[in-house]
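Heavy-atom basis, side chains included; hydrogens, waters and symmetry copies ignored.
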Amino acid sequence: MLPAQPAVHITVDRSSRSDLYSRLTDLLGISVKDELLELALTHRSFAYESGGLPTNERLEFLGDSVLGLVVTEELYLAFPELDESRLSPLRSGVVNMRALADIARQLNLGDFLRIGKGEESTGGRDKNSILADSLEALIGAIYIEHGIQKASEIVLNWVRPVITSAHNLGIGLDAKTALQELAAARNLTPPEYEITESGPDHDKRFTASAILSGDKYPVGDGKSKREAEQMAARLAYEAIITKK
């Protein structure tokens, strides 16, 4: 992933966008045209409040596909012993909303976003969904400017540690199965999942919490119930095995 850096909060200087974007490309370690960066960083809430500007959603769509291809190829090459039934959930454990949002936070990406006043007032710059979507849009922008090879290098630099961690823990392969087996080994009740959903039909978001023996574990989120449950199971697994 990214090399360790001291936490720095970057103040958005709207009077000098070129300087602002230079700060972001310094963090990325790669140049991207200001126009592409501005589009990648424009959330729909800002666009709507500003009279219907273009949003980052098309770039997000592109970046999601690039991300999926890069991660899928990496998993295919790195784990020749795994079949599709094990590669698919491992991929979900790497490209889920929370993992992408964590990468975005390492880039201080929230500081650069153009979001509407409503989202600003409710902490939109640190919402997992907005950060993850914006990171995918940024990947799309990098792909347009530099092509698949450079985009792959950048993406793999971010996600390889996540892949290694998920595989070493053994839960990226199927977090729900792993949690169920752990619960049996620890004499806990079988896991149950509390699911909530939000957002319009075309952009549903799901959250899930695993509950075992009356204890509710950290919330997982995703673009599908399955993704949210897998993330919730992974978080619960990690919490249980690290308990003293």
Search all heavy atoms of [X] against all heavy atoms of [Y] and return the closest pair with its distance.
X      : Y      : value
Ile154 : Leu28  : CD1-O, 4.0 Å
Ser45  : Glu119 : OG-CG, 3.5 Å
Phe206 : Ala228 : O-CB, 3.7 Å
Thr42  : Pro54  : CG2-O, 3.5 Å
Leu179 : Ala210 : CD2-CB, 4.1 Å
Phe112 : Leu20  : CE2-O, 3.4 Å

Would Val70 and Val66 satisfy side chain to side chain contact (heavy atoms under 4.5 Å, CB included), going step by step from the backbone distance to the final call? CA-CA 6 Å; Val70 171; Val66 173; 4.2 Å; yes
So, using side chain to side chain contact (heavy atoms under 4.5 Å, CB included) as the criterion, who are the partners of Asn56 when residues are at least two apart?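 Testing Asn56 for side chain to side chain contact (heavy atoms under 4.5 Å, CB included), a comparison that skips the adjacent residues, returns Ser134, Ala137.
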Please determine if Arg226 and Glu229 form a salt bridge, counting it only when a charged side-chain N lies under 4.0 Å from a carboxylate O.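 No salt bridge links Arg226 with Glu229.
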When you look at CD of Glu197, are more than 12 heavy atoms from neighbouring residues, nucleotides or ligands closer to it than 6.0 Å?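 Result for CD/Glu197: enclosed.
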Decide if atom CD of Glu145 counts as having more than 12 heavy atoms of other residues, nucleotides or ligands within a radius under 6.0 Å.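 Check passes, neighbour count above 12.
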According to a 4.5 Å side-chain heavy-atom criterion applied to Ile, Leu, Val, Met, Phe, Trp and Tyr, with indirect links allowed, do [X] and [Y] form part of one hydrophobic cluster?
X      : Y      : result
Met231 : Ile211 : no
Leu62  : Ile148 : yes
Ile30  : Val155 : yes

Does [X] reach the side chain of [Y], with side-chain heavy atoms less than 4.5 Å apart?
X      : Y      : result
Leu24  : Leu109 : yes
Phe46  : Leu113 : no
Asn157 : Glu153 : no
Lys176 : Pro191 : no
Ile139 : Trp158 : yes
Leu100 : Leu67  : yes
His43  : Arg114 : no
Lys127 : Thr122 : yes

Residue pair Leu235, Tyr217: steps toward the side chain to side chain contact (heavy atoms under 4.5 Å, CB included) verdict: CA-CA 7 Å; Leu235 294 172; Tyr217 289 89; 5.9 Å; no
Keeping the roles fixed (side chain from [X], backbone from [Y]), state whether a donor-acceptor pair exists under 3.5 Å.
X      : Y      : answer
Ser213 : Thr189 : yes
Ser224 : Glu227 : yes
Glu136 : Phe61  : no
Arg98  : Asn128 : no
Ser121 : Gly118 : yes

To the nearest 0.5 Å, tell me how far [X] [atom1] sits from [Y] [atom2].
X      : Y      : atom1 : atom2 : result
Leu41  : Asp111 : CG    : CG    : 11.0 Å
Leu36  : Leu59  : CG    : CG    : 6.5 Å
Leu138 : Ile103 : CG    : CD1   : 11.0 Å
Gln106 : Asp102 : CD    : CG    : 7.5 Å
Met97  : Leu135 : CE    : CG    : 12.5 Å
Leu212 : Gln180 : CG    : CD    : 10.0 Å

Show your working on salt bridge (charged side-chain N to carboxylate O under 4.0 Å, His left out) between Asp133 and Lys223 and close with a plain yes or no. CA-CA 11 Å; Asp133 290 348; Lys223 295 182 179 180; 3.7 Å; yes
Is the charged tip of Lys33 near the ring of Tyr21: under 6.0 Å from the six-membered ring centre and within 45° of its axis?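 Cation-pi check for Lys33 and Tyr21: fails.
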Can Arg23 and Asp26 be said to form a salt bridge (charged side-chain N to carboxylate O under 4.0 Å, His left out), step by step? CA-CA 5 Å; Arg23 298 181 192 180; Asp26 285 345; over 6 Å; no
Between Ile163 and Phe79, does the side chain to side chain contact (heavy atoms under 4.5 Å, CB included) criterion hold? Intermediate values first, please. CA-CA 11 Å; Ile163 293 173; Phe79 304 110; 3.7 Å; yes
Does the salt bridge (charged side-chain N to carboxylate O under 4.0 Å, His left out) test come out yes or no for Arg234 and Glu238, once each step is laid out? CA-CA 6 Å; Arg234 176 175 180 171; Glu238 292 174 341; 3.4 Å; yes
Hydrogens and angles aside, do Thr207 and Thr196 bring a side-chain donor and acceptor to less than 3.5 Å of each other?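 A donor-acceptor contact under 3.5 Å links the two side chains.
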Side-chain donor-acceptor pair present, Asn96, Arg91, cut-off under 3.5 Å: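 Not at all, the side chains of Asn96 and Arg91 share no donor-acceptor pair under 3.5 Å.
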Pair Leu39-Arg58, side chain to side chain contact (heavy atoms under 4.5 Å, CB included): steps then yes or no: CA-CA 9 Å; Leu39 184 58; Arg58 280 171 52 84; over 6 Å; no
Evaluate the salt bridge (charged side-chain N to carboxylate O under 4.0 Å, His left out) criterion for residues Glu120 and Lys117: first the C-alpha distance (whole Å), next the side-chain angles of each, then the deciding distance (0.1 Å), finally the verdict. CA-CA 5 Å; Glu120 187 82 68; Lys117 294 178 181 177; over 6 Å; no
